[in-house]
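Everything on this sheet refers to the single structure shown next.
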Amino acid sequence: MNNLTALSPFTSVSHVGLHTEVIFAWEQRKLENFGKATGGTSIESEFSEDGIYKVISIGSYSENSVYNDQGIRAIKSDKTSNRVLNKNDLTMILNDKTTSGNIIGRVLLIEKSGIYVYNQRTERIEININEYDPVFLYEMFNAPNIREKIIKQAQGNTQIYVNWSTIAMLDYMIPSKKEQVKIGQFLHSISNLITLHQQKCFYNIYTFNQTKKL
């Protein structure tokens, strides 16, 4: 009797010497499968210079997908208590103040709990970390060719927006959790190097311009 195993069309078999390894290919998942999603609500009434939370709103999303601190703070209250973000959460911006789509669909990765609260038009995604790696998903969603899937769902004229109920059904190809971690760490290290390089370039340009004024 042959020791044959029925494999799905999305798997392959690698033979190395006497070792046979089944390699599972990437599988299709919908955006809504990655974790619990909760839409933001207006918390402008809780803004205060004495606030303890940093606020994530549309102006917090930069074109290099890192948090842009606008100096807006929110107080601890009943209204903000269920808007406090935890480590490994992702937040996604659902609108853009321009028609170019430079911001819409971008996500931020929360690296520490209890620091941020999120405002309206931001969707919180509490990642199912048993199956998905937050760093991998952060890098994937912000990749230009991937984010294009969301941009294509945009509506509006002067300011464009997307509805979560629509984009939640978008399909993505996802590897195993183990592969996600490896890919996410690799891409994140590159992203950090690029950010540091951009900061150094900005510092050099700023310093040069200041020197010219002397």
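- Residue pairs meeting the salt bridge (Lys or Arg N to Asp or Glu O under 4.0 Å) criterion with at least one partner in residues 154-178, sequence neighbours excluded, are K30-D171.
- No more than 12 heavy atoms of other residues, nucleotides or ligands lie within 6.0 Å of CG in D78, so this atom counts as exposed by the packing criterion.
- At distances below 3.5 Å, at least one donor-acceptor pair connects side-chain atoms of Y138 with backbone N or O atoms of S65.
- For S48, the side-chain contact (heavy atoms from CB on, under 4.5 Å) test picks out D50, I75, with sequence neighbours left out.
- The two residues V117 and A74 come nearest to each other via the heavy atoms CG2-CB, 4.0 Å.
- Looking only at distances, a side-chain donor or acceptor of R106 sits under 3.5 Å from a matching main-chain atom of E63.
- Judged purely by distance below 3.5 Å, without hydrogens or angles, the side chains of T80 and E46 never pair a donor atom with an acceptor atom.
- In this structure, L109 and V135 have side chains that are in contact, with non-hydrogen atoms separated by less than 4.5 Å.
- Residue I93 is not grouped with residue L90 when hydrophobic side chains (ILVMFWY) are merged at heavy-atom distances under 4.5 angstrom, including chains of intermediate members.
- Side chains of I110 and N86 form no contact here, defined as non-hydrogen atoms less than 4.5 Å apart.
- Between the CE atom of M173 and the CD atom of Q28 there is a distance of 6.0 Å, given to the nearest 0.5 Å.
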Inset, instruction - List the steps and the verdict of side chain to side chain contact (heavy atoms under 4.5 Å, CB included) for V55 and R73. - result: CA-CA 6 Å; V55 176; R73 299 294 183 265; 5.6 Å; no
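- S57 and Q70 share a side-chain donor-acceptor pair at under 3.5 Å.
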Inset, instruction - Evaluate side chain to side chain contact (heavy atoms under 4.5 Å, CB included) for K87 paired with E111, printing each intermediate quantity in order. - result: CA-CA 5 Å; K87 181 179 178 180; E111 298 181 339; 5.6 Å; no
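- The closest side-chain heavy-atom distance from L94 to I104 is not below 4.5 Å.
- N163 places no side-chain N or O within 3.5 Å of a backbone atom of S165 that could act as its donor or acceptor partner.
- Taking 4.5 Å as the limit, some side-chain heavy atom of T38 sits within range of a side-chain heavy atom of R83.
- Listed here is the closest heavy atom pair of I183 and P175: CD1-CG, 4.3 Å.
- Although no hydrogens or angles enter the test, the distance criterion places a donor-acceptor pair under 3.5 Å between the side chain of D96 and the main chain of N102.
- Rounded to the nearest 0.5 angstrom, I58 CD1 and N68 CG are separated by 12.0 Å.
- At a threshold of 4.5 Å between non-hydrogen side-chain atoms, the residues I174 and Q180 count as touching.
- T91 has its side chain out of reach of I125: every pair of non-hydrogen atoms, C-beta onward, lies at least 4.5 Å apart.
- Looking at Y132, W26, F141 one by one, the single match for ring pair (Phe, Tyr, Trp, His ring centres under 6.0 Å) with Y172 turns out to be F141.
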Legend entry - Test log, rule ring pair (Phe, Tyr, Trp, His ring centres under 6.0 Å), inputs Y67 and Y61: CA-CA 6 Å; Y67 176 71; Y61 295 83; 8.6 Å; no
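- With contacts defined as side-chain heavy-atom distances shorter than 4.5 Å, the pair E179/F136 does not qualify.
- Counting only residues at least two apart or in different chains, salt bridge (Lys or Arg N to Asp or Glu O under 4.0 Å) contacts with residues 153-162 are absent.
- Listed by first and then second residue, the salt bridge (Lys or Arg N to Asp or Glu O under 4.0 Å) pairs involving residues 120-130 are D89-R124, R124-E126 (not counting sequence neighbours).
- Under the 3.5 Å distance criterion, the side-chain polar atoms of E139 are left unmatched by any main-chain donor or acceptor of G184.
- Note: the hydrophobic cluster containing V84 also contains F47 (ILVMFWY, side chain heavy atoms under 4.5 Å, direct or indirect links).
- The line from CG of N128 to CG of L137 is 10.0 Å long, rounded to the nearest 0.5 Å.
- Atom CG of N157 has 12 or fewer heavy atoms from other residues, nucleotides or ligands within 6.0 Å.
- Hydrophobic clustering of Ile, Leu, Val, Met, Phe, Trp and Tyr side chains at less than 4.5 Å, counting indirect connections, keeps I127 apart from L85.
- Taking CD1 of I103 as the start and OG of S62 as the end, the distance is 6.5 Å to the nearest 0.5 Å.
- Rounding to the nearest 0.5 angstrom, the gap separating the CD1 atom in I56 from the OH atom in Y116 is 6.5 Å.
- In the hydrophobic clustering of ILVMFWY residues, with side-chain heavy atoms under 4.5 Å counting as a link, V107 and L187 come out together.
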Legend entry - Residues M92, I150; criterion side chain to side chain contact (heavy atoms under 4.5 Å, CB included); working and verdict: CA-CA 11 Å; M92 178 182 288; I150 290 178; 3.7 Å; yes
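- Pairing each heavy atom of N119 with each of S42, the nearest pair is OD1-CA, 3.5 Å.
- Rounding to the nearest 0.5 angstrom, the gap separating the CD1 atom in I160 from the OG1 atom in T99 is 7.0 Å.
- Screening residues 144-162 for salt bridge (Lys or Arg N to Asp or Glu O under 4.0 Å) gives no qualifying pairs among residues at least two apart or on separate chains.
- With contacts defined as side-chain heavy-atom distances shorter than 4.5 Å, the pair K54/I115 qualifies.
- Qualifying side-chain contact (heavy atoms from CB on, under 4.5 Å) partners for I52, counting only residues two or more places apart in sequence or in other chains: K76.
- The backbone N or O of Q120 sits nowhere less than 3.5 Å from a side-chain atom of T41 that would complete a donor-acceptor pair.
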Legend entry - CA sep, side-chain torsions, deciding dist, call: W164, L31, side chain to side chain contact (heavy atoms under 4.5 Å, CB included): CA-CA 10 Å; W164 177 257; L31 176 50; 3.6 Å; yes
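- Cluster membership check: V66 shares its hydrophobic cluster with M140, using side-chain heavy-atom separations under 4.5 Å among Ile, Leu, Val, Met, Phe, Trp and Tyr.
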